[in-house]
Amino acid sequence: MTAIRLYNTRSRSKEGFTPFDPLDVRLYVCGPTVYDRAHLGNARPVVVFDTLFRLLRHVYGDGHVRYVRNFTDVDDKINATALARHEAGAKGTLEELIHQRTEETIGWYHADMDALGALRPTFEPRATEYIGAMIAMIQGLVDKGHAYEVEGHVLFDVRSYPDYGRLSGRSVDDMIAGARVEVAPYKRDAMDFVLWKPSDASLPGWESPWGRGRPGWHIECSAMSFELLGASFDIHGGGIDLQFPHHENEIAQSCCAHPGSDFARVWMHNEMLLVEGKKMSKSLGNFFTVRELLEQGYPGEVIRFVMLSTHYRKPMDWTAEKAREAEAVLRHWRSLTAGAEPLGPDVEVVDALADDLNGAGAMARLHALAKAIASNPQKDCFYEKGVLLASAQLLGLLEPGMGDWAEGVDLAPLATKLTALREAAMASKDFAPVDALKAALIEAGVEVRMSKAGVELVPGPGFDAAKLGALL
RNA sequence: GGUGGGUUGGCGGAGAGGUUACGCACCGGAUUGCAAAUCCGUGAAGACCGGUUCGAUUCCGGUACCCACCUCCA
């Protein structure tokens with residue numbers, strides 16, 4: 001069996017991966033808050049952990065991996081949108097408008113992530129479906145003396161958990177010293193965080209032992225991972241910005257609620273996405289959505305390729321140049337594997353991925369496999385093509401159904417015309433008409449390939465079918 | 001201020017204590033009516049200063065610079 005090694009944030013080192021149960025490997029990844037379209041930064045963990053999911057399925061078997069990615073559908077930004085719609089005269093109660101907003105956002109999220117070739121996780125729980133489990137967990141923390149109620153809030157007492165700060169390598173005292181936020185006066189300790197907060201009539205709320213209210217942000221992941229994966233599971237993933245406070249708080253809650261359990265054994269964090277060298281973030285306002293990129297003509301497969309070509313633990317700069325290169329490579333690989341059937345993936349590709357998801361290493365191997373096929377045009381390379389195809393598909397690339405962008409339109413009539421003009425020109429020695437048509441085709445983004453064997457037209461980067469109409 | 005990470009050839013971007021990463025670009029060749037595409041091939045690196053070593057870009061220490069987290073964020 002392939003030996004998987006993963007970098008564990010908790011130990012700050014690469015460790016050999018051994019699941020609790022190889023017949024039931026369990027992975028939890030923090031999903032989106034569904035208040036708006038996913039931006040490109042949101043897509044990075046999706047692609048990274050989708051690749052991990054694919055690797056785990058390859059190694060342990062498709063039916064032996066449980067992957068949970070939540071939807072956070074309790075959030076003040078969602079409430080704000082619903083309230084704005086309500087005030088603008090939208091039909092329905094506030095609750096219905098909230099539900100409408102989260103439903104439409106989840107629909108967008110699915111469409112956008114599908115476009116990136118991400119498999120749907122085994123479970124996609126919504127926070128609102130687990131309120132009861134959260135209340136039960138909070139009550140347990142209160143009973144054990146890890147949480148306290150004050151002014152309608154329930155707060156986690158960080159001093160009751162000695163390991164608080166271990167994941168992110170900081171101590172409670174250091175954090176207080178550097179704190180930049182105003183501390184609510186009712187907190188026992190500045191770092192105590194909210195498990196439950198009161199809701200007034202204008203906000204969604206649920207009845208609880210502490211009155212009508214709603215959960216804090218962190219408790220949902222603890223409750224849902226417990227319900228769906230158990231008190232101890234294998235891998236917990238998310239963006240590095242979640243390491244503190246979100247994941248630190250999850251650990252505190254879960255370990256205190258379920259003493260003796262491991263919670264997540266391996267913690268994996270992807271680095272941030274940069275645009276123009278700056279972190280893409282809401283506060284900087286420099287983010288753009290996956291949908292915008294797709295609509296600009298960047299295929300999902302191209303976006304995925306770019307993401308996988310930088311290691312997940314390094315910042316990745318999104319550039320148009322990388323997308324251009326990715327598109328060219330994918331076109332090449334697609335043409336090499338056209339008509340091939342996927343066989344087993346190449347062992348070196350698997351090994352590269354198994355080494356802490358070394359996407360760039362896997363890509364290098366794919367290039368080598370492609371070169372072996374391309375440099376043997378006299379052979380049919382049935383086996384090699386099948387291996388290349390299966391290997392790329394392990395990365396979520398060259399999947400059938402993802403390649404519509406590379407299919408293009410029917411260029412055969414233009415090829416026929418160009419062939420006729422060329423044959424006439426060969427006789428007359430006047431190549432001007434041929435060159436004119438060729439130039440027009442190139443202008444429309446078509447690659448013009450002429451050889452002794454004939455003429456071949458292939459859509460290239462920047463292909464624009466609209467410019468072809470007048471050429472026939 | 002605290003914590004963590006980074007610095008590789010023109011650009012992007014990996015692994016490994018000693019042997020070509022890889023891709024793009026460039027250059028040379030094949031091919032082509034000319035091109036394009038494709039194929040073949042060459043060159044090019046490891047921020048700085050020390051240490052360990054027969055040997056370090058790779059390990060250790062220091063310096064400089066960059067970035068992130070400590071506030072909603074993937």
Side-chain angles (χ1 to χ4, degrees), chain A residues 9 12 29-33 35 38-49 69 75-77 165 167-171 173-182 191 217 237-246 248 269-274 277-284 287 305-306 309-317 319 321-322 324-326 328-329 331-332 335-336 351-352 355-356 358-368 370-371 374-377 422-423 425-431 434-435 438-439 441-442 446-453 455-458 460:
Chain A
T9 306
R12 304 204 183 279
V29 174
C30 292
T33 302
Y35 63 94
H39 66 243
L40 191 62
N42 291 304
R44 194 169 187 197
V46 172
V47 170
V48 165
F49 292 106
R69 187 181 62 208
D75 175 79
D76 288 347
K77 287 185 282 291
L167 177 72
S168 47
R170 38 189 117 195
S171 73
D173 293 322
D174 287 345
M175 286 187 273
I176 291 169
R180 285 185 283 163
V181 268
E182 226 174 290
M191 298 315 295
W217 172 36
I240 187 73
D241 55 335
L242 295 182
Q243 184 192 41
F244 186 89
H246 184 56
E248 200 71 71
H269 293 100
N270 61 276
E271 253 294 349
M272 297 292 98
L273 187 114
L274 307 177
K278 291 260 185 208
K279 187 183 100 163
M280 172 183 260
S281 77
K282 289 170 194 169
S283 53
L284 289 174
F287 66 96
F305 185 107
V306 171
S309 55
T310 297
H311 189 89
Y312 76 94
R313 282 192 287 114
K314 290 208 171 173
M316 192 208 89
D317 209 354
T319 64
E321 173 62 14
K322 283 181 181 173
R324 193 198 59 75
E325 284 185 24
V329 172
R331 281 185 193 284
H332 188 202
S335 83
L336 282 179
D351 285 348
D355 181 14
D356 196 33
N358 183 358
M363 297 278 202
R365 179 59 184 163
L366 293 180
H367 280 295
K371 187 168 184 169
S375 59
N376 278 297
R422 182 166 175 246
E423 279 168 2
M426 296 287 245
S428 69
K429 299 297 172 197
D430 175 15
F431 290 94
V434 189
D435 289 340
K438 190 174 77 178
L441 286 167
I442 290 167
V446 179
E447 273 175 27
V448 180
R449 302 178 187 173
M450 288 191 244
S451 66
K452 276 180 183 156
V455 168
E456 195 182 356
L457 299 181
V458 181

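Reminder, nothing fancy here: chain letters follow the sequence lines and each chain counts from 1.
- B:rA44 and B:rA35 have their C1' atoms separated by 29 Å, given to the nearest Å.
- Residues passing the side-chain contact (heavy atoms from CB on, under 4.5 Å) test with A:Lys77, sequence neighbours excluded: A:Tyr35, A:Asp75, A:Lys282.
- In this structure, of B:rC72, B:rA37, B:rG5, it is B:rG5 that holds the atom nearest to the side chain of A:Arg12.
- Rounded to whole Å, the C1' atom of B:rA14 lies 32 Å from the corresponding atom of B:rG2.
- In plain terms, the two heavy atoms of A:Lys438 and A:Met450 that are nearest each other are CD-CE, 3.3 Å.
- Taking 4.5 Å as the limit, every side-chain heavy atom of A:Ser309 sits out of range of all side-chain heavy atoms of A:Lys322.
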Nucleotide N/O of nucleotides 30-34 of chain B paired with protein N/O under 3.5 Å:
{"residue": "B:rU32", "atom": "OP1", "partner": "A:Lys452", "partner atom": "NZ", "Å": "2.5"}
{"residue": "B:rG33", "atom": "N1", "partner": "A:Asp435", "partner atom": "OD1", "Å": "3.0"}
{"residue": "B:rG33", "atom": "N2", "partner": "A:Asp435", "partner atom": "OD1", "Å": "3.4"}
{"residue": "B:rG33", "atom": "N2", "partner": "A:Asp435", "partner atom": "OD2", "Å": "3.0"}
{"residue": "B:rC34", "atom": "O2", "partner": "A:Lys438", "partner atom": "NZ", "Å": "2.9"}
{"residue": "B:rC34", "atom": "N3", "partner": "A:Lys438", "partner atom": "NZ", "Å": "2.7"}

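- Distance, A:Leu167 CG to B:rG5 C1': 15 Å, rounded to whole Å.
- Annotation: of the two residues near RNA chain B, A:Ala370 and A:Leu273, the 5′-most nearest-nucleotide partner is A:Ala370.
- Minimum heavy-atom separation, A:His367 to A:Val329: CE1-CG1, 3.8 Å.
- Of the candidate nucleotides B:rC72, B:rC69, B:rA74, B:rA74 has the atom lying nearest to any side-chain atom of A:Asn42.
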Pairwise N/O distances under 3.5 Å, protein to nucleotides 64-66 of chain B:
none

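- In this model, the phosphate group of B:rC39 is approached by a side-chain N or O of A:His332 to a distance below 4.0 Å at OP1 or OP2.
- Atom name P, nucleotides B:rC59 and B:rA16: the rounded distance is 10 Å, in whole Å.
- One distance of note links OG1 of A:Thr310 with CZ of A:Arg44; it measures 6.5 Å at 0.5 Å rounding.
- When heavy atoms are screened at a 4.0 angstrom cut-off, A:Gly169 is found touching the sugar-phosphate backbone but no base atom.
- Residues passing the side-chain contact (heavy atoms from CB on, under 4.5 Å) test with A:Ser375, sequence neighbours excluded: none.
- Between the C1' atoms of B:rU71 and B:rG17, the separation comes to 44 Å (whole Å).
- The two residues A:Met316 and A:Val306 come nearest to each other via the heavy atoms SD-O, 3.7 Å.
- A salt bridge links A:Asp356 to A:Arg313: at least one charged side-chain nitrogen sits closer than 4.0 Å to a carboxylate oxygen.
- For A:Asp241, taking side-chain heavy atoms from C-beta onward, the closest of the listed nucleotides B:rC39, B:rC22, B:rC69 is B:rC69.
- For A:Arg324 and A:Glu321, the salt-bridge test passes: some basic side-chain N is under 4.0 Å from an acidic carboxylate O.
- Among the protein residues, A:Ile442 comes within range of no part of the nucleic acid, since none of its heavy atoms lies under 4.0 Å from any strand.
- The residue A:Asn270 sits close to a base: some heavy atom pair falls under 4.0 Å.
- A:Leu274 approaches A:Asp317 most closely through the heavy-atom pair O-OD1, 3.1 Å.
- Rounded to whole Å, the separation between the C1' atoms of B:rC11 and B:rA25 comes to 7 Å.
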How does RNA chain B look in dot-bracket notation if pairs are Watson-Crick or G-U with both distances under 3.5 Å, crossing ones as [ ], other-strand ones as |?
-> (((((((..(((.....[...)))..((((.......)))).....(((((..]....))))))))))))....
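- Spacing between B:rG23 and B:rA30 at atom P, rounded to whole Å, works out to 22 Å.
- Across all their heavy atoms, A:Gly361 and A:Ala352 have their closest contact at C-CB, 3.9 Å.
- Taking CG of A:Asn270 as the start and NE2 of A:His311 as the end, the distance is 10.5 Å to the nearest 0.5 Å.
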Polar atom pairs (N or O), protein with nucleotides 11-13 of chain B, under 3.5 Å:
{"residue": "B:rG12", "atom": "O3'", "partner": "A:Lys322", "partner atom": "NZ", "Å": "3.4"}
{"residue": "B:rG13", "atom": "OP1", "partner": "A:Lys322", "partner atom": "NZ", "Å": "3.2"}

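- The shortest non-hydrogen separation linking A:Thr9 to A:His269 is OG1-ND1, 2.7 Å.
- Geometric assessment of A:Arg170 against the ring of A:Phe244 yields a positive cation-pi assignment under the 6.0 Å and 45° thresholds.
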